[in-house]
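Residue numbers start from 1 in every chain, and the chains themselves are labelled A, B, ... in the order their sequence lines are given, proteins ahead of strands.
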4 protein chains.
Amino acid sequence: MSFWYPQTPTGRSSLIPAPPWHYSGDLLTVEYRTDPARVRELLPAPLEPAEEDPGAVALIWADWQSCAASGEELLDPVRAQYKEAFAVVRCSYRGRTYSRCVYIWVDKDFAIARGIHQGYPKKLGSIHLTRPHPYGPAPRIEAGARFGATLAAADRHLARTVVTLREPAESNGFVNDHPMAHHRRLPSVEKGAGLVLDELIASGAASFEGGTPWRGEADLELFEAPAEELARLEVREPIAAYYRQVGVVWDGGTVLETKEQP
Amino acid sequence: MSFWYPQTPTGRSSLIPAPPWHYSGDLLTVEYRTDPARVRELLPAPLEPAEEDPGAVALIWADWQSCAASGEELLDPVRAQYKEAFAVVRCSYRGRTYSRCVYIWVDKDFAIARGIHQGYPKKLGSIHLTRPHPYGPAPRIEAGARFGATLAAADRHLARTVVTLREPAESNGFVNDHPMAHHRRLPSVEKGAGLVLDELIASGAASFEGGTPWRGEADLELFEAPAEELARLEVREPIAAYYRQVGVVWDGGTVLETKEQP
Amino acid sequence: MSFWYPQTPTGRSSLIPAPPWHYSGDLLTVEYRTDPARVRELLPAPLEPAEEDPGAVALIWADWQSCAASGEELLDPVRAQYKEAFAVVRCSYRGRTYSRCVYIWVDKDFAIARGIHQGYPKKLGSIHLTRPHPYGPAPRIEAGARFGATLAAADRHLARTVVTLREPAESNGFVNDHPMAHHRRLPSVEKGAGLVLDELIASGAASFEGGTPWRGEADLELFEAPAEELARLEVREPIAAYYRQVGVVWDGGTVLETKEQP
Amino acid sequence: MSFWYPQTPTGRSSLIPAPPWHYSGDLLTVEYRTDPARVRELLPAPLEPAEEDPGAVALIWADWQSCAASGEELLDPVRAQYKEAFAVVRCSYRGRTYSRCVYIWVDKDFAIARGIHQGYPKKLGSIHLTRPHPYGPAPRIEAGARFGATLAAADRHLARTVVTLREPAESNGFVNDHPMAHHRRLPSVEKGAGLVLDELIASGAASFEGGTPWRGEADLELFEAPAEELARLEVREPIAAYYRQVGVVWDGGTVLETKEQP
């Protein structure tokens, strides 16, 4: 049986396989502070703002290769490779701090489907970030290395950054460093009938490995667009920027609560 | 409140607006017969094969402009225009005949999101179909006019057709001429916990207008691909082909049954 | 022998066939006045500014289907369909007025190759424009009809317009209404050796048919981008906007002069 | 003055900057033998087949980041990153062996423009190849590592390979190991007037650095398409496959001969 649609006896054409999902990738993270009220408005009850630094935001560009347990997608890389850019804030639920992705753009359909499953609000976008390389003009991961990144969607330019690395660090930031608290919601197909699914779920990596994080500073700009609200998370104060190469396994999450539908 | 994600107070960045959704578009339909067993394997219980002509398939290419009730997407056409190719079969439920989309590819993210809502198993693809035009070499909609179409996804070529129009017709086919019976299913985020949503829903156009359908014949080829199963619906016998321009409104569906989750 | 590359005995894989090239398409034209100095700086000698209205600019969105004399591309529409957006100014050469395309973006490779041949400075872009349709919410070509269009390239938003039609007109503007005067230039492959080809050529349609042009007014915005200069042609004063459906044949041009290379 | 079009006083919007061009990238090379007659038919006089192993072909997938001397494109990576797949054969000219690119697909416009300058017959395509990564499921460059790659263009699948690495090697193959001998040809804009430019040029890297090449074997398939001829270079006998990371500078070439135009 297919994990996802289309549903066929073989499951061979399912847009996504069953977890676990394995990832190799590079993360370019830019942390900054915005107006805490702009974060709060994105936290539906019962989520509350994080107690400390409630205006902290991480805007992250990622360059991934991913696959199912079989690894077969890696050998057909059009089905393994994708890039994404996403905005993460923190929130509090029953006294515990969670990360929460509030906006995200990806460039492949299987990544959108995973987002539906994991509660990431994915749209399609055009995402580019400098990649490190051992030869030629591209940067090594080292002091002074510079990485640029852009994000566009629906013919609009949404974000741009240039990051300069300074030194090794203990982590690649504190905003995206908690389990994710996401909603999975689906409206009824019947007009005006509200939601048929309204879950608050938590999830995080089942396993993780990574290289040394590098810290530096970023120049970051966000741009207005008619059907986007990323720029409401305006940059008030830079915090730091990071580059890190990681390997991750995701193998499901936990339902925190389900709002029963009438 | 947002109809869809991302969820924000304004709803302005929602990937899709609340229905009704209005459509202007052109449909190139190719009907043929395949092995009825290949159709049956795509019909989960309680759906049963259609009693008459159970191996009939329609492969349809469509070129759409769509919008919400406000019409605003039409003036920002990157958010209104998309193309799709989809395979439709018929099935029977409680003695009534329904159409059912078993495979579909689209080229925009908002169309994927609508598919999640309406139970269409959408993937991204590259879709092209000849458009009629009143001047120059492109065809008018008339006897002898020829239209070509292709479908590709994930670096693979999946289907190709050339249709020649012969005469006006009463309809643009019988396979996609019923309300749609679709499943809306979502796996639990908890590993191995099965589905949290498993609905069988019906939906159709809330209103419809259209030009004269034209009938003709098609040359159709389907191609194998590692993560696709469209080619299992092999072409055994051509039925007919059609071209039609239409205007449609979709405004929700009806839940036929819901399988309660444990 | 192949008209273009790749060069093979059959010519079957040539990116473009030999002319004549036949086109069916829709043109959305926005005319306005900019600082005449900004136009003049784009006119290399021996071209001079047009005597009348030297700051006039036309920014045109076009939605094309094109083919060779055989028409075969129309039946494989991925090789026939493309969209483009381009900026046209006027100039004077030996006392005659010419149109000249100074910037242009297209969304297919065969269109880029034709640009090399015809002297159009083509880049890739993402181009969208509302299409008229006889049914549903998309506009008919009539008084009050509204058409939107956007242009993006390299993750940047470059232009946006909304046009409202008012009345039938005699033409679809005066800026793009002359033969084109274009340069065809190619640098030597040898470093610092200047140009090996430097031609001034003229070309225009070998034949033309078209529907009634409609005139109206436009709201137009241009946006800055790091590697683009379209926004230097800033909008000082609107002139008018037009919508027209056309059929065109292009069958070569004429060399006005060739600068001999040392 | 602009090196390339569009031509503006600042040159800022030129699609490509003046050389030198600097590259960081990964090369996945598959060498095999085809019918030597199929190679010979792609070698216009005065080029002759290579004396030894005249049916040898290299099909190469490459994942590049490139920039001008300023390096600015690296920080705006949508203008630096591209992928390509290309077929290389060998030929002889005045007793010397050259490599020659006979087919090539890229995924960015600036790469197409460079191809016009360097004599590469570039089309747009969709190109994917597995990337090595130090963490997670993606391969390291080591014995047993497997890399997959696909190529599609114009809704068709053109080539697919899976390469398994076995051991370090002295080079990454012998087919693409010579200076390139390419034609730069441009037809007259005047109908039937033949070529206005017909040069045979040679070029190669101005400087080169690279990691240890790894050798292995490949499974390779080529596919037919209506407007492509790559599959004529059918795989008769595998030779070997290679993976290598490199840094390259290109700074112009040399004209071998120019055919004077009448």
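- For C:Glu167, the CD atom counts as densely surrounded, since its 6.0 Å shell holds more than 12 non-hydrogen atoms of other residues, nucleotides or ligands.
- Residues of residues 208-228 of chain B lying under 4.5 angstrom from chain C, judged on non-hydrogen atoms, are B:Glu209, B:Gly210, B:Gly211 by number.
- Of all residues spanning residues 61-85 of chain B, those with a heavy atom less than 4.5 Å away from chain C's heavy atoms are B:Asp63, B:Gln65, B:Cys67, B:Leu74, B:Leu75, B:Asp76, B:Pro77, B:Val78, B:Gln81, arranged by number.
- Looking at residues two or more places apart in sequence or on another chain, you find a ring-ring contact (aromatic ring centres under 6.0 Å, His included) between C:His117 and C:Phe3, C:Trp21, C:Trp250.
- When the heavy atoms of residues 133-149 of chain B are compared with those of chain C, the residues falling under 4.5 Å are B:His133, B:Pro134, B:Tyr135, B:Gly136, B:Pro137, B:Ala138, B:Arg140, B:Arg146, B:Phe147, B:Gly148, B:Ala149, listed by number.
- For C:Arg131, the parts lying near chain B are the backbone and the side chain together; criterion is any non-hydrogen pair under 4.5 Å.
- When B:Val249, B:Ile127, B:Val248, B:Val246 are compared by the number of non-hydrogen pairs under 4.5 Å with chain C, B:Val246 comes out ahead.
- Comparing B:Ser126, B:Ser24, B:Ala152 by heavy-atom pairs within less than 4.5 Å of chain C, the highest count is held by B:Ser24.
- Looking only at heavy-atom pairs under 4.5 Å with chain B, the residue among C:Leu129, C:Val162, C:Thr150 that has the most is C:Leu129.
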